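Below is one structure, written out as structure tokens, with a few remarks after it.
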Protein chains: 2
Amino acid sequence: MNWYKIDDVAKITGLTKRTLRYYEEIGLIPPPERSDGKIRLYTDEDIEQIRRVLIAKEVLGFSLQELQQFLHLKKMIEQNHTEYGSFGPEELLEIKKHLSGQIHMLHAKIERMQKFTQELTELQQKIKVQLNQFAKEDE
Amino acid sequence: MNWYKIDDVAKITGLTKRTLRYYEEIGLIPPPERSDGKIRLYTDEDIEQIRRVLIAKEVLGFSLQELQQFLHLKKMIEQNHTEYGSFGPEELLEIKKHLSGQIHMLHAKIERMQKFTQELTELQQKIKVQLNQFAKEDE
DNA sequence: TCGATTTTTAACGTTCACGTCAAAGTAAAC
DNA sequence: GTTTACTTTGACGTGAACGTTAAAAATCGA
């Protein structure tokens, strides 16, 4: 098993040491093991978890709080699935509703991003036209 | 021409009055007309502009500063196109590079969002299975 | 026209997401 | 085993994006 100290993890993930401690403090990532002298020792799996959190953060544009709630929900559902559940049917329905809301939101966001990308592409096109003008002037 | 006072615009856009003044203060939206008594009077076009800014903010996940720079850039390019340009060819190339970077980033983001949406859909599926179990138990 | 409601600017307050610094403990290197 | 480098907790600092409050001015309704 590989063990990483906080500075290694910082370099690997691109986060600062402060940020790693902060994310742990607010419960966004699980507390890693510690040495006898209380020094944080991260595993490869810990690092993977951090990576997933970073992607979710960036992709969803969530605040850290929202992200936290989301990860909690996800964990709950997965536990419920394997271990035979702590959720009743009305809770499950509630969660399902919540999820479809999220999915819907993501679809809307994706659509707007595609529109935006198109706008940018059009801008790029205009620049190309301009550049051609300059090329002509040089002849 | 329709004129809206700040409270109307707040209700229409969902922003607070403070936020509207703040966005104006940092140059994110153009200052609207004023009455003789110095009261802000927004037009439909102003409101449209605000809407576009909001979408760009949400979609791109930009900070207000980045957003500001981006809008500035866009305006510049469009002016350059119609009014015959304040940009030289090397500046245009720089901007073009910048734009392709942005477009690339958006593509990557869209892809990750689609993956994420799929993950959520799978979670939803698991919940449906759970709900079916409950339905069976009730028979 | 007068009272009630809104709007204005200015200033200070707040929350989030960390940065920075200090003091003490731990690990590593020689 | 001592110096050097790294880590820990704790606390205060900071910039962004507003919220809140106050006091004066403007507008609206009766």
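Note on naming: letters A, B, ... go to the chains in the order of the sequence lines (proteins, then strands), and numbering restarts at 1 for each one. Everything numeric here is computed off the predicted structure, so don't read it as measured data. All heavy atoms count here, side chains included; hydrogens, waters and symmetry mates do not.
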Pairs under 3.5 Å (N/O, protein and nucleotides 16-18 of chain D):
unit_1, atom_1, unit_2, atom_2, d
D:dA17, OP1, B:Leu64, N, 2.8
D:dC18, OP2, B:Tyr23, OH, 2.6
D:dC18, OP2, B:Lys57, NZ, 3.1
D:dC18, N4, B:Arg18, NH2, 3.4

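The main-chain N or O of B:Ala135 is never found under 3.5 Å from a side-chain atom of B:Asp138 such that the two would form a donor-acceptor pair. Checked by atom type and distance alone, the side chain of B:Gln68 pairs as donor or acceptor with a backbone atom of B:Ile26 at under 3.5 Å.
Counted by atom type alone, B:Tyr4 and B:Asp44 present one or more donor-acceptor pairs between their side chains at under 3.5 Å.
Interface residues of residues 27-55 of chain A facing DNA chain D, ordered by number: A:Arg34, A:Lys38, A:Ile39, A:Arg40; criterion, heavy-atom separation under 4.0 Å.
Here D:dT9 presents its C1' atom at 12 Å from CD of A:Glu24, a figure rounded to the nearest Å. One atom, CD of A:Glu25, and another, P of C:dT15, lie 16 Å apart when rounded to the nearest Å. One interatomic measurement links the two molecules: CG of A:Leu20 to C1' of D:dC6, which rounds to 15 Å at whole-angstrom precision. Protein atom CZ of B:Arg21 is 12 Å distant from nucleotide atom P of C:dA10, rounded to whole Å. Atom NZ in B:Lys17 sits about 13 Å away from atom P in D:dT21, given to the nearest Å. One interatomic measurement links the two molecules: CG of B:Asp7 to P of D:dT27, which rounds to 16 Å at whole-angstrom precision.
From A:Asn2, atom CG reaches atom CG of A:Leu41 across 12.0 Å, with rounding to the nearest 0.5 Å.
Hydrophobic clustering, with ILVMFWY side chains joined whenever heavy atoms are under 4.5 angstrom apart, groups B:Met76 together with B:Ile95.
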